[in-house]
K.L.:
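Input: one structure, supplied below.
Bear in mind that the values here come from a model prediction, so they are computed numbers and not experimental data. Naming: A, B, ... by sequence-line order, numbering from 1 per chain.
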There are 2 protein chains.
Amino acid sequence: MANPTNLSRRMTLSNIVQAITTYGPISRASVAKMTGYSKQTVSEIVSSLEEDGWVQTVGRTEGNVGRRAVVYEIVPDAALVASVDLGGTKVRVALCNLSGAVVAEVAEPTCKDGGEAVVDQIARMVNGATSNLGIAPSKIRVAVIGVPGVPDLETGHINLAPNIIGIDRIDFSSLLRVRLGIEVIVENDVNLAALGEHWMTHQGDKDDLVFLSIGTGIGAGVVIGGQLVRGATGGAGEVGFIPFGADPTEPESLKVGALERVTATSAIVGGYQQETGMQKTVPEIFDAFVAGEEAAAKVLQTAASYIARTIGAIAAVIDPNCVVIGGSIGAREELIRMIEQEIARNFPRSIPVEASVLGNHAALAGGTAVALSRLHIALFARDLPGANIVVPPPEIETFQEGAA
Amino acid sequence: MANPTNLSRRMTLSNIVQAITTYGPISRASVAKMTGYSKQTVSEIVSSLEEDGWVQTVGRTEGNVGRRAVVYEIVPDAALVASVDLGGTKVRVALCNLSGAVVAEVAEPTCKDGGEAVVDQIARMVNGATSNLGIAPSKIRVAVIGVPGVPDLETGHINLAPNIIGIDRIDFSSLLRVRLGIEVIVENDVNLAALGEHWMTHQGDKDDLVFLSIGTGIGAGVVIGGQLVRGATGGAGEVGFIPFGADPTEPESLKVGALERVTATSAIVGGYQQETGMQKTVPEIFDAFVAGEEAAAKVLQTAASYIARTIGAIAAVIDPNCVVIGGSIGAREELIRMIEQEIARNFPRSIPVEASVLGNHAALAGGTAVALSRLHIALFARDLPGANIVVPPPEIETFQEGAA
DNA sequence: TCATTAGTTCGTCAACTAACCGAACTAATA
DNA sequence: TATTAGTTCGGTTAGTTGACGAACTAATGA
């Protein structure tokens, strides 16, 4: 009964499920008031949902005048989704239930053989997580994979992912779909991180958000109106290629990006070496800066200036509510302070800049958001025009650093 | 009857109107096939639409096997919209009917008194156009005004519009709404131009489009997924403020934009003066370039390079399908050739760049698109979730240069 | 050439079903 | 006793299905 053929019934069902999901636990009378449907219609649909195991009672109201209301909520474990963050060095898998809670999380070093071996690894980790918990694998309905590259929706290849060999020559999503037997969505990891930050911390009032990841490279995920912007060729957010900073006509700039050459790891390490003749890692340079070393300050200042100007360029094009900064370099509070100062010097208005709250779990959270939204649509809003169910995020701790 | 209370009836009505609008003239049987509704339902709704004067028969099919079908279309003049392009020197007003055809167009020099005098002028021009044609003013349902500034939706002020004095201190949209007695939508002119180019020439396959206007200033209109991107503070597309090009920390850069200083009129005129000591206008410099003068070539080349890098920056952030270039400088074919070459030198992949087809009528076309879409929603899709009716554009000549 | 017949499509009518609502009711509680 | 929750029942509306007549084209045969 949870999948009526009729369009208007599906719409009603979808609206009622959305209300229970967002405001649950909630009584049928309240749902009726909120949605505008009659109590009787709500009762009818809620009982069909209960029969099919999608909602359950969780007690009754108390203390109010009048008859006590029976209160319903979504059955959290009625279905699960898998969110996978496939990194160059580590694979993270989280199984989440319908309320966004993580029921299992595992991490492993990425299989160095690349290609199909990685597909095998992910499938094994996802299935392993269910069997450990004694959950039927069929409970998992959707898997979202964050990958460090640009997925080609037509061929299933993942391009520009130098860290995982051979993944640009296999139909990654189809192979994984066959292996897992469920719907598989492949998305760039920075894009997912942007969606994750938006879902967990910036929903509602601030619907235009850019997640800027700064580490060995620099890249952004762009969310406008709550929707991810991928671009015509999947190249949206490749801000390292903004043709300013280093001379954009040099071959190296065309290869890694003119702006990436002055903002990412190599710029800081290289700049420090030029300044001092010494080879230090980025964390070491930050330590030196905190200890008051002038060369370190100068190098970081230069990077911060270019990063600020990158943010200015982004703001000039799409004017987001907020820029969230993450990545191994971007996560440093000291750097964010400098970036804020540099924005004030280089751009006519202020741009809200924040440190990522989710750290290296942002992509995992974003994958969960995408998977849950997709699952809700598949379950309760099939073929509905303009359907875009927003699942409320779980507690922030769920996805915070150190959870795995 | 054209405004049923019931949600599902409204949805059906909206779908059927959309089908007739898009594919009309069309028979009821064809509408039934296309929409999936039964012939009866379609007949019922079409006759109520006919009764209310929204659709009309336009003959019958012929030549096909079987009974001849009665063919319907939207009554083009059942309602009108006004599209107004308020420029610093000129006010253009176009009255358009439901099929996008321009039924009247007038232009006047902008009233120099600014402020409320301009509101008066627009109201007079709109109402004057109807009385000239002997049309009841009540036929006009929506007016969209393109303005050279950033409209503040809350106060109704229009900020950053130095060419029209006092317009940043009055509630422009409310005043005009009262004067015209209809719904008034105020939007930045470059944004409307972007929507106009998208509507008339790039609908469907190419839904991510940026319109780049280059003249006394440089600015862009950003369309993603067919929707206009305004940004959190209405500042999306202010690409002149990208903090590269001129030194962004200089006061002048913070005032007019670092990139504007090296791409717009003053950069070309100033550059030419520095190069030759002579003061020439931009058209004169273009003429000199065509005549083979080296100094002119060098100056234009430099501007083209920075414009190309601006486009590269846009592409790196949102990766549009296409960048359409307009404005008094941007319209020059010679410049577009140079820009294309410079993009190839400065950016790792090609970016489709095109000259504006609509010229200085782009904003007028965009205003019409917005007004018609808004009107259709108000008439046939009130309060429908995800309603976004797309009115098919008229013949391209309708809005092409020289029409007024 | 022209009537006849077959096949196709359009559009309407009648009967039916699904969805939803409103009103009246029962139940529970401060 | 007022108020809120939830159910039952009957009715309205939207939309479907299927049968059918009307209108047409195309092929056929005298």
K.L.:
B:E197 side chain to B:L358 main-chain N or O, any donor-acceptor pair under 3.5 Å?
P.N.:
yes
K.L.:
Using only atom types and a distance under 3.5 Å, with no angle test, would you say the side chain of B:S47 pairs donor to acceptor with the backbone of B:S43?
P.N.:
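It does hold such a pair.
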K.L.:
In whole angstroms, how far is the C1' atom of D:dA14 from the CE atom of B:M11?
P.N.:
13 Å
K.L.:
Could you give the CZ-to-C1' distance, from A:R68 to C:dT26, as a whole number of Å?
P.N.:
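Rounded to the whole Å, the gap is 18 Å.
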K.L.:
Could you state the atom-to-atom distance from CZ of A:R9 to C1' of D:dT13 in whole Å?
P.N.:
15 Å
K.L.:
For the side chain of B:D208 and the backbone of B:I224, is there at least one donor-acceptor N/O pair under 3.5 Å apart?
P.N.:
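Not a single qualifying donor-acceptor pair exists.
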K.L.:
Is any side-chain N or O of A:R67 closer than 4.0 Å to OP1 or OP2 of C:dA27?
P.N.:
no
K.L.:
Quick one, which residues of residues 35-45 of chain B touch DNA chain D with a heavy atom under 4.0 Å?
P.N.:
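Those residues are B:G36, B:Y37, B:S38, B:Q40, B:T41.
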K.L.:
Under 3.5 Å, is there a donor-acceptor pair between the side chain of A:S14 and the main chain of A:R10?
P.N.:
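Absent.
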K.L.:
Does B:R28 have a side-chain nitrogen or oxygen under 4.0 Å from the phosphate oxygens OP1 or OP2 of C:dG11?
P.N.:
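Indeed, a polar side-chain atom of B:R28 lies that close.
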K.L.:
From D:dG6, D:dC24, C:dA30, pick the nucleotide closest to the side chain of A:V65?
P.N.:
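So the nucleotide nearest the side chain must be C:dA30.
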K.L.:
Send over the distance from B:R10 CZ to C:dA19 P, rounded to a whole Å.
P.N.:
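Atom CZ in B:R10 sits about 19 Å away from atom P in C:dA19.
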K.L.:
Any salt bridge (Lys or Arg N to Asp or Glu O under 4.0 Å) involving residues 19-46 of chain A? Give me the pairs, sequence neighbours left out, ordered by first then second residue.
P.N.:
A:R9-A:E44
K.L.:
The side chain of B:T12 lies closest to which of these nucleotides: D:dG6, C:dG11, D:dG15?
P.N.:
D:dG15
K.L.:
Here's a test for you: under side-chain contact (heavy atoms from CB on, under 4.5 Å), which of A:V58, A:T21, A:V31 qualifies with A:I26?
P.N.:
A:V31
K.L.:
Could you give the NZ-to-P distance, from A:K33 to C:dC21, as a whole number of Å?
P.N.:
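My rounded result for the distance is 15 Å.
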